[in-house]
Each structure stands twice: as C-alpha cells, then as structure tokens.
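Chain letters run A, B, ... following the sequence lines, proteins first and then strands; every chain starts at 1.
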Number of protein chains: 2
Amino acid sequence: MKTRHDNTRQHVLETGQRIIAGKGFASVGLNEILTAAGVPKGSFYHYFESKEQYGQALLEDYFARYLADLDALFAAEALSAQERLACYWQRWLDKQAACAEQQCLVVKLGGEVADLSDPMRETLRDGTGQIVSRIARLLETGMADGSIPPLDAAATAQTLYQLWLGASLLAKLQRQAQPLENALQFTRQLLSC
Amino acid sequence: MKTRHDNTRQHVLETGQRIIAGKGFASVGLNEILTAAGVPKGSFYHYFESKEQYGQALLEDYFARYLADLDALFAAEALSAQERLACYWQRWLDKQAACAEQQCLVVKLGGEVADLSDPMRETLRDGTGQIVSRIARLLETGMADGSIPPLDAAATAQTLYQLWLGASLLAKLQRQAQPLENALQFTRQLLSC
DNA sequence: AGGTTTGATTAGACCGGTCGTCTAGTTTCT
DNA sequence: AGAAACTAGACGACCGGTCTAATCAAACCT
C-alpha cells in the first residue's frame with residue numbers, strides 16, 4: 001500500500017514546513033509538528049530515519065516546489081525575459097510582505113542549519129545553486145531577446161540572489177518590506193542601465 | 001564590587017558568543033556554555049534573567065565590539081574613504097574565509113532569532129541599522145573627497161550590506177569564499193564606475 | 001473462502017538533557 | 001563582625017528524539 005503512506009508522509013512534511021518556517025528547526029519539537037499534523041508520534045520513525053533526515057526531506061520538498069514554480073514562471077512565453085524576471089522579484093516582495101512568518105526557508109534556516117547538519121546544508125547549497133543558475137539562464141535569454149543589457153549572466157544572477165537574500169534577512173529583522181523595496185529598485189536599475 | 005562581577009559576566013558572554021556563533025541559539029544549552037566557561041550554573045541567573053535576556057546581552061556586546069572596530073577603521077585618516085571601505089569588505093571576506101565557524105552573528109542568528117524573541121530581534125535590527133548608517137556616512141565622505149562616485153548614500157549602503165549578508169549566507173552553505181569574492185568584485189565595480 | 005503470514009502503521013514507554021529555581025554556602029568589602 | 005555580592009550545584013518539571021512491542025490491513029495459499 002503506497003497511497004496512504006505517501007499521503008501521511010507528505011502531510012507531515014507540509015505541516016512541518018509551515019511550523020519550521022515560523023520557528024526554526026532546532027526550537028521546534030517533533031511533538032508540535034506531529035500533533036499539528038494529527039499523526040501519532042510513533043509513526044514518525046516509520047517515515048523518516050531521524051529529525052535530521054526529516055529536515056533534509058523537508059528542504060528537498062521545498063526546493064522541488066520552488067523550482068517548479070520558477071520554471072513555470074520563467075517559461076511564460078508571453079512575457080519578455082526582463083518582465084518574467086521582474087515578476088519573480090515582485091512575487092518575492094509580495095510574499096514576504098504578505099505574512100510575517102517567513103516563506104523563504106533559505107533565509108530562515110540557512111544560518112541555523114549550515115553548521116548543524118551536513119545533509120541539510122548540502123540540500124540548501126544545491127537548491128540555491130539551482131535557483132541561481134535558472135536566473136542566470138533567464139538573464140541570458142533576456143540578453144538574447146534584447147530586453148536585458150549585456151552582462152556576465154552567472155555573476156549577475158548570483159549577485160542579485162545574494163542581494164535578495166540579504167534584503168529578506170533585513171526585512172525579517174525590521175519587520176518591514178523596505179529592505180526588499182530597496183533591493184527591487186536596485187535590481188531594476190541594474191537590469192536596465 | 002564590580003570588577004569580578006563584570007569579568008565573570010563578560011567571560012560568560014564571550015564564551016557563549018563563540019559557541020553560539022558555531023551552533024546557533026536554540027540548539028545550545030546553558031550547560032554547554034557554562035561548563036565551557038568554567039562558571040557554575042548557579043551563577044548564571046545572578047547575572048542574567050533568562051536565556052533570552054542573555055542572548056540579547058550577547059548580541060549587544062557583539063555589536064558594541066563590531067561597531068567599535070568599524071569606527072576605528074572608518075576613522076583611519078591616512079586612507080581615502082574608498083580605501084577604508086575596500087578594507088572593510090576585504091576584512092569581511094578574510095574573516096569568513098579564515099574559519100568555517102561563522103563570525104557574523106547577523107547571518108548566523110538573524111533568521112533563527114527573528115521570530116523567536118522580540119528583544120533579540122530588536123537588538124539585531126538596531127545593530128544592523130547602525131552598521132548600514134556608518135557605511136552610508138563613509139560613502140558620503142567618499143563622495144566629498146572624490147574617491148567615490150556620486151550615489152544615493154543611504155540606499156547604496158543598504159544595498160551593499162544586503163549583498164554581503166546574502167553572500168555570507170551562500171558562502172556558509174557552500175563552505176566556499178566564492179560568493180564573497182563575487183560580492184567583492186561587484187562592490188568594486190559599483191564604487192568606481 | 002478462511003485462516004495465516006507479512007509488512008505497514010501506531011502507541012506509548014524510555015532515557016537523557018532542557019531551562020529555570022532554590023537553598024546553602026563562600027567570598028569580599030565595610 | 002556583619003552585610004552584601006556572588007557561587008555552588010542539586011532539584012523539579014518538562015520535553016527532546018528514539019525504540020520496542022503491539023495492532024492493524026491486506027494479500028496469499030491451500
């Protein structure tokens with residue numbers, strides 16, 4: 001029997017993602033996640049080897065969704081590459097502004113988890129790498145279609161992503177969207193100078 | 001009697017800073033810090049009200065040092081403002097490259113602590129604000145002495161700090177200095193175009 | 001078909017560590 | 001000597017992740 005298995009597992013992952021995105025990894029206990037999910041504690045170790053491995057699975061799941069969204073947006077052929085990219089940043093800003101509880105697990109967990117668990121760190125590293133390379137690819141598309149001025153795509157993609165990560169962190173600390181707006185304005189300048 | 005008081009208190013703060021910079025806040029217990037410091041547990045609650053208040057004090061202490069360093073560097077009159085700033089970024093890169101264990105508590109604790117403790121969040125918010133405004137001030141100095149091209153000082157300072165925070169996070173995830181080098185190169189371009 | 005086996009799933013006990021408290025003791029200064 | 005600052009570390013209540021044993025579902029086999 002696979003369906004129930006997968007459902008329960010996925011349900012635990014999703015519930016945990018919401019809670020952990022709010023409170024962090026170490027400070028949340030399995031109890032909290034499992035009671036919220038309505039899944040008995042005992043089941044946990046049937047689906048996951050340990051909390052660490054669970055965390056890794058959670059991040060993998062997160063990036064899978066994130067990248068799927070990204071691919072959907074970046075493939076929108078009705079828009080120029082520049083417009084698609086602008087839409088990406090705007091969404092980032094909107095999402096973070098909408099609810100105070102962090103959405104971006106890279107910002108939320110990156111610092112905490114990097115020296116705590118190698119598997120989780122590697123998942124974050126690979127996930128962010130994928131994001132940056134997709135941005136770079138879109139920048140190249142934009143240079144080809146003329147909607148983006150010529151730049152070093154890889155370096156620029158990394159710079160922009162770094163900028164937005166930092167902006168998210170500051171926005172989190174300030175509980176304001178202003179740092180993100182600053183990033184947006186700068187991004188606009190950079191991609192159309 | 002103040003001296004011993006301050007010494008013990010300070011010693012606990014410094015020991016904790018090292019440990020917490022490596023492992024994060026929630027995942028470290030008071031025990032670990034106190035045994036490392038050679039201070040018995042019982043003393044802790046003489047100097048601090050709670051773990052949270054201790055964390056806040058720790059951050060305040062961290063920013064006090066950081067800003068003192070910054071002021072020392074930024075006041076170096078032998079150098080142009082641009083050189084002073086370049087030196088700041090270079091130091092940031094060197095420090096992070098030197099030891100894998102994070103130095104920058106903003107990157108390490110920002111995400112974790114922001115939704116965990118308001119006093120700690122506010123301390124981080126104020127500290128980063130101070131850093132950004134010092135950078136902005138130096139940018140203005142640089143524009144005045146001609147070593148830095150004319151820009152919106154406040155916005156640029158924030159952008160650069162954001163960029164470097166994000167770069168630190170990625171460097172942490174990758175265990176490589178490359179993201180920081182990317183930030184450095186971009187910073188150079190920006191401040192001398 | 002009906003009993004049996006197999007594996008998926010659950011329940012909750014378990015040990016160790018957490019933070020924070022509290023009382024007794026020691027040091028230090030007046 | 002006495003008062004205040006400080007230290008000592010046992011203690012309690014609780015919660016963490018882990019594991020073993022019991023339960024359940026369903027698929028198999030004669």
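With Phe25(B) as the aromatic partner, Lys108(B) does not meet the cation-pi criteria of under 6.0 angstrom to the ring centre and within 45 degrees of the ring axis.
Separating the CG atom of Leu34(A) from the C1' atom of dG12(C) is a distance of 13 Å, rounded to the nearest angstrom. Rounded to an integer number of Å, the gap from CG of Asn7(B) to P of dC6(D) is 11 Å. At whole-Å resolution of the value, CD in Gln53(B) and P in dT21(C) are 13 Å apart. What separates CZ of Phe44(A) from P of dT9(C) is a distance of 15 Å, to the nearest Å.
Salt-bridge check for Asp118(A) with Arg121(A): passed, with a basic side-chain N closer than 4.0 Å to an acidic carboxylate O. Under the 4.0 Å criterion applied to side-chain N and carboxylate O atoms, Arg9(B) and Glu14(B) are not assigned as salt-bridge partners.
Around atom CD of Gln185(B), no more than 12 heavy atoms belonging to other residues, nucleotides or ligands sit under 6.0 Å away. Shown here is Glu49(A), whose CD atom has no more than 12 heavy atoms of other residues, nucleotides or ligands within 6.0 Å.
Looking at heavy atoms from C-beta onward, Trp92(B) lies in side-chain contact with Ser168(B) at the 4.5 angstrom threshold.
Using bins of under 30°, 30° to 60° and over 60° for the plane-to-plane angle, the ring pair Phe74(B)/Tyr88(B) lands in the perpendicular bin.
Taking only side-chain nitrogens and oxygens, His46(A) never comes nearer than 4.0 Å to OP1 or OP2 of dA8(C). For dA11(C), the OP1/OP2 oxygens have no side-chain nitrogen or oxygen of Ser43(A) closer than 4.0 Å.
Evaluation of the ring-ring contact (aromatic ring centres under 6.0 Å, His included) rule for Tyr62(A) yields Tyr66(A) as partners, not counting sequence neighbours.
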What protein N or O atoms touch nucleotides 24-26 of chain C N or O atoms at under 3.5 angstrom, if any, and at what distances?
none

Heteroatom pairs (N/O) under 3.5 angstrom, protein to nucleotides 17-19 of chain C:
residue : atom : partner  : partner atom : Å
dC19(C) : OP1  : Val28(B) : O            : 3.4
dC19(C) : OP1  : Leu30(B) : N            : 3.2
dC19(C) : OP1  : Lys51(B) : NZ           : 3.4
dC19(C) : OP2  : Leu30(B) : N            : 2.8
dC19(C) : N4   : Lys41(B) : NZ           : 3.3

